[in-house]
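These notes concern the structure reproduced below.
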Amino acid sequence: MNAFATLIGSAAIPPLLFARRRGAAPAVAARRGAAPMVPPGGGDDPAGALPLFYPDDKPAPPATADSQRHATGLVAALREAREPAARQALVKAQLRSIGFEWLGYATMETRQGVLRPVSFLTSHAHEAWARRYFSQRWHQVDTRFKDAPVSGLPLVWDLESLAQSQCRQPMQAEAEAVGIAARQRMLLDGLEAAGIRSGIFFRLASPGQTHEFTFISLLSGTPGRRWILDGAVGRALVLGLSVHEHVSRHVQKPGAALDLDGLLPARTPMSATQQSILESLLRGLSDKEIAYALGLSSHAVDYHMRQLRRRFGARNRVQLVSAAADWQP
């Protein structure tokens with residue numbers, strides 16, 4: 001544990017951030033912090049929605065005085081690097097020095113016990129793998145989301161330990177268990193095919209978001225996990241926290257991305273469901289009426305409404321209706 005003590009002292013990390021919960025039974029620890037697992041979904045299930053993929057290529061709006069505080073180390077280097085390629089090179093060099101090839105940075109939210117993807121930073125990731133991972137909805141059966149918070153420390157994993165974790169899942173109805181097991185085998189096969197065999201996985205709070213969390217995953221093609229010693233874990237944490245602070249303070253995320261006129265978001269095309277919801281808003285329909293008209297659940301409508309507010313930078317329904325009036329498909 002000396003490596004973690006050194007890490008906390010050198011990186012000014014709050015001592016409780018990665019402290020092991022002493023005296024707490026696993027079930028209690030799980031209720032306090034574990035990300036829930038999600039059953040297989042389909043259609044308009046919000047848990048199966050794709051995250052908004054974005055690169056580190058747009059500076060955030062002018063920062064507050066607090067966020068302008070003096071930065072050191074990699075955080076300062078990332079802020080001073082003017083070009084996205086320079087920032088990517090900095091992170092890539094740090095990754096390689098520890099023994100990793102890629103860094104995934106995903107924002108997820110929990111609503112009614114369901115884990116849903118929100119956004120994903122592509123600049124330092126294995127982008128082809130990330131897009132396949134979410135398109136296949138493997139986050140719904142990925143036990144790392146459950147295991148990492150329970151441990152109280154970052155999860156060091158390899159393909160073997162991931163398979164063992166899958167076998168330790170609670171008992172379920174036979175049909176559901178068979179479907180989940182099949183998808184988990186596909187996840188393992190997909191990791192192997194993508195050249196990903198080990199890594200470190202941990203969760204951080206998303207600043208200012210009560211139900212949102214940031215999951216950081218360092219990935220390596222090296223088999224096994226015995227090579228990931230305390231020193232590597234400590235350096236991986238410093239790297240992940242540095243990227244987290246840089247993205248949180250200095251990168252314009254999809255929810256705030258605007259086009260040159262400052263009216264509409266510059267991001268991926270809107271889904272047909274969200275287009276229909278916008279059209280329903282313009283007709284003055286309530287959420288319940290929209291759900292009935294489009295054949296969606298109330299949870300699905302709530303999810304898409306929140307995503308639309310993110311997309312248009314609207315804080316409430318009135319602002320969203322106003323933005324929808326300017327929207328053109």
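Scope of the values below: all heavy atoms of this structure, side chains included, with no hydrogens, waters or symmetry mates.
When every heavy atom of Leu218 is checked against every heavy atom of Ala236, the shortest pair comes out as CD2-CB, 3.5 Å. Of all the heavy atoms in Gly240 and Ile216, the pair that sits closest is O-CD1, 3.4 Å. Closest non-hydrogen pair, Ser242 versus Leu78, comes out as O-CD1, 4.4 Å. A pairwise comparison of heavy atoms in Gly99 and Ser220 identifies O-OG, 3.2 Å as the closest pair. Among all heavy-atom pairs drawn from Val301 and Asp287, the shortest one is CG1-O, 4.1 Å. Minimum heavy-atom separation, Arg87 to Asp57: NH2-CA, 4.2 Å.
Rounding to the nearest 0.5 Å places OG of Ser161 at 4.0 Å from CZ of Arg225. With rounding to the nearest 0.5 Å, the separation of CE in Met305 from CD1 in Ile277 is 7.5 Å. Atom CG of Leu308 and atom CD of Gln275 lie 10.0 Å apart (nearest 0.5 Å). Separation of atoms CD (Gln140) and CG (Leu115) is listed at 9.0 Å; rounding is to 0.5 Å.
If you check the side chains of His124 and Asp56, you find no donor sitting under 3.5 Å from an acceptor. Using modelled atom types and a 3.5 Å distance limit, the side chains of Ser198 and Thr222 yield no donor-acceptor pair. In this structure, a donor-acceptor pair under 3.5 Å is absent between the side chains of Tyr133 and His139. Side chain to side chain, Gln166 and Arg185 fail the donor-acceptor criterion of an N or O pair below 3.5 Å. Judged purely by distance below 3.5 Å, without hydrogens or angles, the side chains of Ser165 and Arg144 never pair a donor atom with an acceptor atom.
Inter-residue side-chain proximity for Arg183 and Arg137 is flagged as met; some heavy-atom pair is nearer than 4.5 Å. Residues Ser119 and Met108 form no side-chain contact, since every pair of their non-hydrogen atoms from C-beta on lies 4.5 Å or further apart.
When the options Ile200, Asp158, Ile98 are evaluated for a side chain to side chain contact (heavy atoms under 4.5 Å, CB included) with Ile228, the one that passes is Ile200. Under the ring pair (Phe, Tyr, Trp, His ring centres under 6.0 Å) test applied with Phe201, the options Trp157, Phe215, Phe100 reduce to a single match, Phe215.
Using a cut-off of 4.0 Å between Lys/Arg side-chain N and Asp/Glu carboxylate O, Arg283 and Glu279 are scored as not salt-bridged. Under 4.0 Å is where a charged nitrogen must lie from a carboxylate oxygen, and between Arg131 and Glu127 at least one such pair does. Between Glu192 and Arg197 there is a salt bridge, since at least one side-chain N of the basic residue sits less than 4.0 Å from a carboxylate O of the acidic one.
A distance-only check finds no donor-acceptor pair linking the side chain of Ser248 to the backbone of Glu245 [under 3.5 Å].
One hydrophobic cluster, built from ILVMFWY side chains closer than 4.5 Å, cannot hold both Val118 and Phe134; they sit in different ones.
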Query raised in the report: Where do Arg235 and Ser97 land on the side-chain hydrogen bond (donor to acceptor under 3.5 Å, both in side chains) test, with the steps shown first?
Result: CA-CA 9 Å; Arg235 294 175 64 192; Ser97 70; 2.8 Å; yes
